[in-house]
Structure formats: structure tokens, C-alpha cells
Protein chains: 2
Amino acid sequence: MIEIRHLKSFKAISESGKLALAAERVHLTQSALSHQIRAVEEYYDITLFQRTAHGLRFTPAGERLLKLADIVLEATAHAERDLERLKLDQSGELRIVLECHTCFDWLTPVMDLFRRAWPEVELDLVAGFHSDPWNLIKEGKADFVIGGLPSASKHLQHTPLFKFEILAVLPPDHPLHNKPYLVPEDFNHQTLITYPVPEERIDLVRELLAPAHIKFERRTAELTVAIMQLVASRRGLAALPSWGLQNYIEHEYVIGKPITKKGLWSELHAAGKAEVMAKPYAVDLVRIIREACSEKLDGIKLI
Amino acid sequence: MIEIRHLKSFKAISESGKLALAAERVHLTQSALSHQIRAVEEYYDITLFQRTAHGLRFTPAGERLLKLADIVLEATAHAERDLERLKLDQSGELRIVLECHTCFDWLTPVMDLFRRAWPEVELDLVAGFHSDPWNLIKEGKADFVIGGLPSASKHLQHTPLFKFEILAVLPPDHPLHNKPYLVPEDFNHQTLITYPVPEERIDLVRELLAPAHIKFERRTAELTVAIMQLVASRRGLAALPSWGLQNYIEHEYVIGKPITKKGLWSELHAAGKAEVMAKPYAVDLVRIIREACSEKLDGIKLI
DNA sequence: AATTAAATTGAATTAAATTCATATCATGAT
DNA sequence: ATCATGATATGAATTTAATTCAATTTAATT
């Protein structure tokens, strides 16, 4: 079969007219080229060159393959340039910050999937708790925030991930365990157990308790399992995304109740600088998160 | 370097999604394909496929090469079809007839040149003398006539070759040897030595002697060298194309004189059926005749 | 936990391309 | 005519590359 290497040889022959010169240009010996073109002639059983005393002249068939060479070599060079560009897109760094502590639950398997698809992208989790995770991007310490809708003043590009319901978490024998849903007043003078974040970042407080001027105590814990222990031992109530509770509810360690009749819903978004969010691997990370979460987490809605 | 064979493999992979299936389609083992695509990935240092449990998925870079494959394979297939067509044009048969006996002088080297350029074309000379050579084409016994302008009634396509001068041939000591040129009356009651063809095909007779009602004897000989011998031994005069005489004149065996003040000129044409004359090798034969003759024959003019 | 259906790997093999040394061929000069 | 020159062709030896073979690995499914 004809190969690109032959086409390159043809081009070189046409440009130099002589086998020996052409051979140099394609880093072969004159003999190699002679063998090579002869092999093509034999393959197609057609004369491609007229051998003269001054070098080679293309026959019409040779000219035809030369035309093919022009097309193919041009297309190949173009593809190779594109490949170089794609190589840049294929590698990079993505330092992820989570606004939402519970998200660790699903992020680990998602990161595994991502790493398999994008082995050249270095994926890191920025450790620790930050009062304003989006600011880490401005400071150059992170690239990709998973959390609520960032305020417009951050000038970050964001993509919605999904909606999820926040359930109140009560010990199974709590006095309110028969109510179909809780209302803000049910939290009056209760202890609220939360992750250690500012009050305004807790949806329940911001959306319901603060507007209704409900008074409550706060106690914090860093890990979901610690919060569960505190709730189960009746030290207070919590409000967590439904998916984070499932395991505990199934084992009747705690119970979950909707908050307000229509439930308390929150949204998760991915945010980052526009140029980062445009990277194909960032776009793909968003896709992977949405796909994996909608499959594995109960009770969420893609947005 | 990437080669067409790789592009074919990519195409097969994209169409079957699985290495093992694709391997069959390109007549390789699954392992060979695995090695092959890996080599391309390493050459460009970029991941082309995402390996999943169900087969291979193209990465954007892989997709790009797939697009290249479409272009290249399409162009290659097209070129190969054209090559098949050209192969038909490249081979054929050309049975040549000469109206003009002297033309043998230059035809042999021309045929050598032609055979080198068109090895697939079978070149034959139709032997014998024919009163109407163009008719041989109609009868399917010849393809290509070299001679004067064929009459329009033959419905043949013709291409002009060149003009040449017909010189009178005299023995060196002939009484007329001092005249700068001969006139028709000089042939009165002389013996004219010619090839064995009808009178109306002899330019001198048709153009000059018959119109002037000159009386002359005729004697024929088949070979140019025989005519020369007869002239040299004073058995008569001849009239031949200048190029045919050169050797004899140089050796002072005979002398050549223009006929009439402006000379007697004749033309040579190639004629054949339109479809034969259109064949690339027929076109090229015309070119070779014109080039070779204008270089080697003195005193002719291309037309 | 075992099975299956894929791809990968590395060594061995086979095939193909390339080189080396030399031959051939056509042309132009002596 | 013969010789030198500048070109391509040829064939055997070599080198390089592609392919196979025989395990391995991997991940999903039963």
C-alpha cells in the first residue's frame, strides 16, 4: 500500500528532479528511494516516472500521486498542528475547593473517574476550611470551586451542577419525629450542629431561621460522622443534604425530615476563571460530576 | 511518523469500537493493533484513546486524527481510482503506417524514444506499400498514418508535424550542377527515379511537372540507397526530402538542388481516428516526433 | 469470588525497509 | 570511437520496524 512516507518522497523528487538530491531531503540513500518508488510502481502496476539521463520525470500517473501528496501532506501537517494545540488542552492542573463539606462523599469516586479520562491533568484538593473559597481563585491558590452560586462580584464563570434537598436530622426518638415536615419555629432554642462555617453560609439559617428571627445555639463538627454522633446522642439537630444522610437513615441511626412544606432546596455550582472553565478537561469534569451524581445520589435534580 | 496504515486502523477502531474487531478488519491481530496505536500515541506524546472495559473511546486528539483519516483515505481512494483509469490510457496498441518512404530514416530513433516513455504501448510498423494508407485505418489494419494532409473525406483527425523541402538529386557532374535551382523544364525528357508509388503521390509531379505538361520517364526503386546509386550512376534524377539526402551530399556522392526559386516544400501530418489521436500516448508520439525531428533533421520547419 | 471480555505487555519472530557495493545506462567531451 | 561523468537500478546483507505469541492486567458482570 501507498504510505505517507512515499508521498513525501514524491514531493521531494518533484522538487529536486533528481533521486540523489531528493534522497538527502528525506534522509535516505539514493538506493533506498529507488527501491521505494519502484515498490509503489509495482504495487499499482503502473509507471510513475520516466527515467532520463538528467533525472526523473513524472508520468501522468506520477503527477496524479503528486497531487495526492499535496492534499495528504497538507492535511497531515494541519492535523499535527491541531494535535499540538490539543496536547496543551489535555494537560493542566485543577486545584479543587469544596464549599460544601458533604461533597467529599461523592467527590472521591468522581475524581477517580476523571483521572482515568484525563491522566495528564493534575487534580488536587485544596485542604482546609475557607470562609470564602471563591477568593482562593483570585489569590491563585485554587482553580475550581464546588459550592453555591458565587456572587456576581467575583467575576467567575459558573456552571450549575444539581439541586438537592436539605433535610433536618433528628435522633429517631425525637419529640418531633411524627411531624411530616419541620418549620423554622421547631428550631427555636434548639442546638444546631453544623460544619465550622460562618452562619450566613448555612442555608437553613440564611433562608429560614434568620428571616424568622429564630434563636438557637450552635455547635460545630468537622466531619459528617461526628455530626451524626452528636445528633444521635441528642445533643442537637442538624440540616444536611439528603444524599449525605442516606446511610445513617437506612441504619436507623437518625431520621431525616423535610424542612417546610415544600422542602429546603439548595443548588451546587462549579465555578472558576473563564479560561479554566473553558478547558476541555474542566468541561468534562462538570459532565462527569453531573453524570456520576445523578446516577449515584438519590433525590437530586440536574439543573 | 503517522502513516496511512495507522489512519486505516483508526477508522476501523472507530467503526467497531473494539480493538479485536477492528484488528480483524485490517487483517492484524488485536495485539498488533494495540502496539500500533500505542506507537502513534508515543510519537505525538498524546493520548488518542480512552481505554474502557467495553473497548476504546476516542479522545479529542483521537477524533482529530480520525478526521484526518477521513480526508486522507478519501483522497487516496480517489487517486487510486484515477490511477486505474490512467493505467488504461497508458497501455494500448499503435500500428503505424508511413506514406512517405524516406520517413523510415528518422522514425526508428523516434520509436526507440517512444518505447522508452511508453513501455506498455505496443508499437508496430505496418509493412508493405499501400496506395491509400489512410484507408488502412478504416479497414482496421492500422491506427496512425504519417504522411501528407489526408483528404477531408477520410474523417480522420490529423495533427501537423513539420514542413520540409524537396530537393532535386543530381550526380555531382551533371550538366545542370551550376544552376542555383532547377525549374520544371529541366526535367523534360529526363528519367525520374522514385519510390514505387502512384504518380499523383509524388509532390514534384503533382505540383510542378503535371501542371507544366513536362514529359519524363519513370523508374522506381524501393530503397533510398538504391535511388542514390541510380542517380550517382547517371541513370536519372530524383526528388527527395532534404533530410534524406544529407549523408549522400556530404560524401559528395550526389548533389541536391532546390526546385523552383522558392523551393518545393511539402508537409507531413499524423492522422488517425479521433479516439486514437486523443490517447495520451498518441499525443505524446506526435510531440516526440516533432521534438526529435526538429532537433535532428536540418532544414525542416515545425508547423 | 469466579468468570468473562476486554486491552496491555514483553520477548520472539517475521517482514519490510534501508544500506552498501556495484552495475547499468545515456550523454557529452576528447 | 572511447572515456568520463552523472544519473538510476540492482541484489545481497543488514538494520529497523511491525507483527505475533503467550501471558498479564484490568474492570465489569454473574
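Quick caveat, the model's predicted, so the values are computed rather than measured. Numbers restart at 1 for each chain; the letters A, B, ... are given by sequence-line order, proteins then strands.
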5' priority, DNA chain C, between H35(B) and L21(B) [closest heavy atom] |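 Nearer the 5' end of the strand: L21(B).
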#### Entry: First of T52(A) and E41(B) reached from the 5' end of DNA chain C, by closest nucleotide
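Per heavy-atom nearest nucleotide, the more 5' residue is E41(B).
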*asked:* Considering every strand and a 4.0 Å limit on heavy-atom distances, what is the contact class for L33(A): base, sugar-phosphate, or nothing?
replied: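 If one applies the 4.0 Å heavy-atom cut-off, L33(A) turns out to touch nothing in the nucleic acid.
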Check your understanding: With a non-hydrogen cut-off below 4.0 angstrom, is A20(B) in contact with a base, only sugar-phosphate, or nothing?
Key ->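 Contact class for A20(B): sugar-phosphate only.
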What's the [atom1]-[atom2] distance between [X] and [N], to the nearest Å?
| X | N | atom1 | atom2 | value |
| --- | --- | --- | --- | --- |
| M1(B) | dT18(C) | CE | P | 13 Å |
| I13(A) | dA7(D) | CD1 | P | 14 Å |
| Q36(B) | dT20(D) | CD | P | 10 Å |
| L19(B) | dT9(C) | CG | P | 12 Å |
| L56(B) | dA27(D) | CG | C1' | 14 Å |
| R115(B) | dC25(C) | CZ | P | 17 Å |
| I2(B) | dA17(D) | CD1 | P | 17 Å |
| Y43(A) | dA16(C) | OH | C1' | 15 Å |

Who pairs with dA11(C) - Watson-Crick or G-U, where each distance is under 3.5 Å:
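With both distances under 3.5 Å, dA11(C) matches dT20(D).
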Using Watson-Crick or G-U wobble geometry with both distances below 3.5 Å, tell me the partner of dT26(D), or none.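 Per the H-bond distance test, dA5(C).
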Would you call the rings of W243(A) and F162(A) parallel, tilted or perpendicular, where under 30° means parallel and over 60° means perpendicular?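 Correct class here is perpendicular.
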May I ask you to decide if the ring planes of W118(A) and F114(A) are parallel, tilted or perpendicular, using 30° and 60° as cut-offs?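 Geometry flag for F114(A) against W118(A): parallel rings.
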If you only use heavy atoms from C-beta on, which nucleotide in [options] is closest to the side chain of [X]?
| X | options | result |
| --- | --- | --- |
| R116(A) | dT19(C), dA27(D), dA7(C) | dA27(D) |
| S31(A) | dA26(C), dA21(C), dT8(D) | dA21(C) |
| R38(B) | dT10(D), dA28(D), dT9(C) | dT9(C) |
| A32(A) | dT18(C), dT20(D), dT8(C) | dT18(C) |
| Q30(B) | dC21(D), dT8(C), dT8(D) | dT8(C) |
| K18(A) | dA7(C), dA7(D), dT20(D) | dA7(D) |

State the CG-CG distance between D105(A) and L98(A), to the nearest 0.5 angstrom.
->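 So the CG of D105(A) and the CG of L98(A) are separated by 10.5 Å.
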Check your understanding: What distance do R81(B) atom CZ and T76(B) atom OG1 have between them, rounded to the nearest 0.5 Å?
Key ->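 Output value for this atom pair is 10.5 Å.
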* Should K67(A) and D70(A) count as an ion pair when the cut-off is N to O under 4.0 Å? ->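 No, K67(A) and D70(A) are not salt-bridged.
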Below 4.5 Å, heavy atoms only, C-beta onward: do V169(B) and I249(B) meet side chain to side chain?
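Side chain of V169(B) against side chain of I249(B), heavy atoms only: no contact under 4.5 Å found.
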Q.
Taking 4.0 Å as the cut-off, does a side-chain nitrogen or oxygen of R5(A) come that near to OP1 or OP2 on dA17(C)?
A.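 Yes, R5(A) has a side-chain N/O under 4.0 Å of OP1/OP2 on dA17(C).
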- prompt: Within the pair S34(B) and dT8(C), is there a side-chain N or O less than 4.0 Å away from OP1 or OP2?
  reply: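 Answer yes for this pair, as a side-chain N or O of S34(B) is under 4.0 Å from OP1 or OP2.
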